[in-house]
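Worksheet for the structure shown next.
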2 protein chains.
Amino acid sequence: MENFRIILQKVNLKVTNARLGVLELFARSQKPIDAEEIFAYLQKEGVDADRATVYRMLETFYEKGIIDRFEFQEGKFRYELAGSDHHHLICEQCGRIEDISDCGINVLEREIKEKKGFLVKRHALEFFGVCESCQQ
Amino acid sequence: MENFRIILQKVNLKVTNARLGVLELFARSQKPIDAEEIFAYLQKEGVDADRATVYRMLETFYEKGIIDRFEFQEGKFRYELAGSDHHHLICEQCGRIEDISDCGINVLEREIKEKKGFLVKRHALEFFGVCESCQQ
DNA sequence: AACATATATGCAACTGAGTTGCAATTAGCA
DNA sequence: TGCTAATTGCAACTCAGTTGCATATATGTT
């Protein structure tokens, strides 16, 4: 997966093992992951990066727009590769996280600008509830 | 404001000075507040409650449905008196928090149930951007 | 009013997530 | 190969929140 190098070079970040490893994990992951999961993954892969390095990496990636950041009422952040405007269904019983795509909120954002003068840069929309299989 | 007593009694919570103080602060506050602000307020008012008490109180109130809980990408929770379905405009420059009322997302929730089988219990919707006065 | 008791609180120690300063290392360019 | 800014490791720290346990107190009952 050599395109990870390109992603990093595009935003003027040096290519390191730790960074490649983290990007690889992000590409594999189907749902938003947290710093601890990343740290554990790197250890397992023998990359051994310090926790501080992981946190600094996440901050850098976030600032550069490589990843998105979310909060699911857990008292910590989760991240995933930046991409389309999509949101999450978080099952409060099994913790499963499902995606839903574009929510038609752009209309609302335009309204907010007109009525309140507030310029929306981004929004967070998460749904908490019970997934299908937990309802049985 | 003796109706704070009634609020507490309704949900089988004992009436204490700390709890009355916190409810008073909530009633005064125009925007969601965090644990530290509550702790400082109580000290100022001479109620002196421990931080642990404040956190336990917030948890209890949240469980009982007296207050709502939010996250604004700050790495901590904010709370306000439970009420109508409304959301927030958070200015990333001055930190001002404005409310917007019902967002018409109930329609979307019904769709989610039909298409995904996921039962939405609650949702979080926050807009981050720049408020009118910070745009000048 | 006094009592019993479940509830609430204070204290202190702890956890988990994330941050910071600083010295050592390394990627990328000349 | 050597230079230099960017990156990392280490260790100590902060900040938000939690927990165990002993004490205190609000409230229903006598």
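Hydrogens, waters and symmetry mates are skipped; everything else that's a heavy atom, side chains included, is used. Chain identifiers are assigned alphabetically (A, B, ...) following the order of the sequence lines, protein sequences preceding nucleic acid strands; residue numbering begins at 1 within each chain. Computed from a prediction, not measured in an experiment: that's the story for all the values here.
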Atom CD of A:Q9 and atom C1' of C:dC29: how far apart are they, to the nearest Å? 13 Å
Using whole Å, report how far CG of A:N17 lies from P of C:dG28. 11 Å
The side chain of A:A18 is closest to which nucleotide in this list: D:dT7, D:dT8, C:dG10? D:dT8
CG of B:D48 versus P of C:dG10: gap in Å, rounded? 6 Å
When the nearest nucleotide of DNA chain D is assigned to B:K14 and to B:K76 on a heavy-atom basis, which residue is associated with the more 5' position? B:K76
In this structure, how many angstroms lie between the C1' atom of D:dA11 and the CG atom of A:D50, rounded? 9 Å
Spell out yes or no: do the side chain of A:R56 and the base of D:dG9 have one donor N/O and one acceptor N/O closer than 3.5 Å? yes
Given atom CD of A:E74 and atom P of D:dA16, what is their separation to the nearest angstrom? 19 Å
Could you state the atom-to-atom distance from CZ of B:R69 to C1' of D:dG17 in whole Å? 11 Å
Here the distance between atom P of C:dG21 and atom CZ of A:R51, to the nearest Å, is 21 Å
Starting at atom CD of A:E59, determine the distance to atom P of D:dT7, rounded to an integer number of angstrom. 12 Å
If the cut-off is 4.0 Å, is A:Y55 near the phosphate of C:dT19, judged by side-chain N/O to OP1 or OP2? no
Tell me whether B:E37 contacts the main-chain N or O of B:D34 through its side chain, where contact means a donor paired with an acceptor under 3.5 Å. yes
B:R5 vs B:L8, test: side-chain contact (heavy atoms from CB on, under 4.5 Å). Steps then yes/no. CA-CA 5 Å; B:R5 307 191 96 82; B:L8 291 170; 6.0 Å; no
Against the six-membered ring of A:F39, is A:R51 placed for a cation-pi contact (under 6.0 Å from the centre, within 45° of the normal)? yes
Using the side-chain heavy atoms of B:T16, tell me which of these nucleotides is nearest: C:dT9, D:dT18, D:dA11. C:dT9
Is the CZ atom of B:R69 crowded by more than 12 outside heavy atoms at less than 6.0 Å? yes
